[in-house]
Amino acid sequence: MNNLTEKNLFHSGYSFGLTSPTKTSLIKKRKMKERFTLQEVENFIKRHQLLSAAQSVVIGVSGGPDSLALLHFLWRRSSYYKMKVVAASFDHRLRGDESASELAFVKRFCDERGIIFEGDSADVASFQEEHSLSLQTAARICRYNFFEKVMKKHHAEALALAHHGDDQVETMLMRMTRGSEGFSSAGIPVKRPFATGKIIRPFLGITKDQIEHYCKVENLVPVYDSSNESDKYVRNRFRKKILPFLKQENPNVHERFQYLSETISEDEAYILKLAEIELEKVLIRQTEGKIELSVSAFNKMPIPLQKRGITLILNYLYKINPSSLSSVHKENFLSLLGSEHPSGMLHFPSGLVVSRTYDRCLLSFEHIVKNEEGSYDFSLELPGYVELPNGRITAEITDCEPALQRGKDVFVFSMKEVDLPLRVRTRKPGDRMAIAGVGSRKLKDIFIDAKVPQEERNVWPVVVDANGKIIWLPGLKHIRRHQINPSELWVILRFHKKSP
Ligand SMILES: Nc1ncnc2c1ncn2[C@@H]1O[C@H](COP(=O)(O)OP(=O)(O)OP(=O)(O)O)[C@@H](O)[C@H]1O
């Protein structure tokens with residue numbers, strides 16, 4: 001089968017198990033559609049130059065219809081493209097035996113066809129806990145680490161994933177609804193650099209229905225993940241409620257979205273390039289963690305370039321943008337620079353301060369360590385984190401009481417219990433906090449009792465609420481928690497102390 005040439009792939013008859021003469025026209029129609037699907041994918045691959053001859057391609061296969069069809073399709077085309085195909089399957093160990101059996105299913109599928117298979121698993125829940133991440137982010141990091149390893153092992157130039165046209169429509173709508181800009185509003189990219197090569201998505205031009213049809217015609221029997229149906233997930237709600245309406249209005253709506261996605265990406269890349277050139281002209285100073293620019297020169301840039309300019313600046317300063325950084329911060333930045341007041345200051349996540357004085361605007365993290373003793377004071381966003389001289393504090397919000405969050409480096413409380421926003425600062429003379437069963441105590445005494453060395457006390461974080469009340473001395477004490485209604489939103493603070 002995998003010796004099919006391009007010609008005989010598109011012109012060979014597929015058996016549909018339908019033989020009666022009355023069904024002939026139906027067979028013809030379905031054959032046409034099937035060929036059309038294959039041809040569409042092939043055209044898409046060529047148009048975007050996703051595959052070139054003599055490649056090694058890793059395919060991410062969960063065992064669901066999309067990735068199983070992609071594996072089957074690329075395996076069938078492997079001799080035409082003279083490429084080595086490797087299937088890679090990852091078990092996140094989040095659905096017990098179910099996910100382990102999915103991995104075994106993919107392995108069997110590959111063994112039966114002589115396809116190279118790579119499989120691995122990881123305890124994603126523990127990884128999430130350890131690094132204070134959302135479950136989705138933790139799963140993604142573990143899965144992509146695995147993909148990277150497999151790509152390196154097989155010297156692969158591409159990792160093929162089975163996102164399709166309906167995924168694209170859902171993603172773009174979700175992002176527009178939640179609020180997005182720039183490349184993010186372009187949805188899922190057709191290709192992007194990754195590990196030893198690039199991620200490619202050959203199915204973005206076809207729909208889920210076309211994939212299901214391909215599976216049926218090829219007698220592929222995938223596994224179905226029941227969580228894909230649950231209304232609990234935003235994506236599923238878009239899929240079930242919005243997509244049917246759009247497809248009714250235009251059955252090829254996915255093509256329109258894909259076209260829009262590619263147009264946005266091209267435009268964005270071009271505008272970003274222009275912004276980069278213009279930004280160079282307005283920068284006064286640029287060093288690690290610090291940028292200074294001329295306000296009047298920046299304000300002369302056209303608005304679309306100003307918007308991309310601040311994005312470039314923030315990308316440079318943060319390296320990895322904090323999740324709490326939003327378009328509001330960028331708007332505030334533009335207002336500060338456009339304001340008639342000659343001076344002003346903004347506090348951005350993770351301790352970044354933007355200060356304007358007449359024609360100069362300075363963005364810097366340097367305020368974190370203000371003086372020789374290393375004192376600091378900055379806001380802690382929810383969710384978010386702050387870097388400290390002696391470690392890092394992370395803050396998350398969750399809607400169910402986290403069972404495993406105990407210990408002195410973790411403080412969990414209900415959102416209703418504390419006045420937000422929180423700040424993290426160093427101690428001040430006379431600081432006191434109210435401790436359960438003890439009453440009000442001086443911080444100095446708490447440090448002495450806990451035998452915290454003198455030099456560490458000056459940089460030890462003190463977490464205070466919006467009224468300045470101390471609520472947590474990480475690693476040492478926290479205020480008493482009230483009786484809490486389990487259905488409330490919870491905040492989890494964690495202190496990741498650097499070893500001295
Ligand atoms: N556990 C996994 N192991 C390997 N690849 C995966 C895994 N999960 C997802 N992928 C890859 O990432 C793509 C997108 O993932 P997503 O979960 O959005 O897809 P899906 O709708 O579940 O697709 P499928 O029908 O293949 O399960 C998949 O189509 C597949 O190529």
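Whatever order the structure lists ligands and atoms in, that order sets their numbers, starting from 1. Only this structure's heavy atoms are used, side chains among them; waters, hydrogens and symmetry mates stay out.
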### Query
Within 45 degrees of the axis of the six-membered ring of Phe203 and under 6.0 Å from its centre: does Arg201 put its NZ or CZ there?
no

### Message
Check whether Tyr80 forms a cation-pi arrangement with Arg77 (NZ or CZ under 6.0 Å from the six-membered ring centre, at most 45° off the ring normal).
### Response
yes

Between [X] and [Y], is the ring centre distance below 6.0 Å?
X      : Y      : result
Phe333 : His329 : no
Phe411 : Phe413 : yes
Tyr318 : Phe365 : yes

### Task
Counting heavy atoms only, name the option from Asp120, Ile59, Leu94, Leu161 that's nearest to atom 11 (C) of ligand 1.
Leu161

Under 3.5 Å: N/O of [X] near N/O of ligand 1:
X     : answer
Gly60 : yes
Ser62 : yes
Asp91 : no
Asp66 : yes
Leu68 : no

Where's the contact between [X] and ligand 1, heavy-atom distance under 4.0 Å: side chain, backbone, both or neither?
X      : value
Glu102 : neither
Phe203 : neither
Ala88  : backbone

Do me a favour and list the nearest non-hydrogen protein atom to [atom] with residue, atom name and distance?
atom                    : answer
atom 26 (O) of ligand 1 : Ser67 OG, 2.5 Å
atom 16 (P) of ligand 1 : His163 NE2, 4.8 Å
atom 1 (N) of ligand 1  : Phe90 O, 2.8 Å
atom 22 (O) of ligand 1 : Asn228 ND2, 4.2 Å
atom 28 (C) of ligand 1 : Ala162 N, 4.1 Å

### Task
Using only heavy-atom distances, determine whether the side chains of His154 and Glu118 contain a donor-acceptor pair under 3.5 Å.
yes

### Side-chain donor-acceptor contact under 3.5 Å, Gln258 with Gln168
yes

### Message
Below 4.0 Å from ligand 1: does a non-hydrogen atom of Phe146 turn up there or not?
### Response
no

### Summary
When Arg235, Arg239, Lys247, Lys240 are each screened for salt bridge (charged side-chain N to carboxylate O under 4.0 Å, His left out) with Asp166, the one that passes is Lys247

### Query
In a check of salt bridge (charged side-chain N to carboxylate O under 4.0 Å, His left out) between Arg308 and each of Glu278, Glu276, Glu268, which one passes?
Glu268

### Message
My question is simple, although I want it checked carefully: is atom 19 (O) of ligand 1 less than 4.0 angstrom from any protein heavy atom?
### Response
no

### Message
Classify the ring geometry of Phe109 against Phe105: parallel below 30°, tilted from 30° to 60°, perpendicular beyond 60°.
### Response
tilted

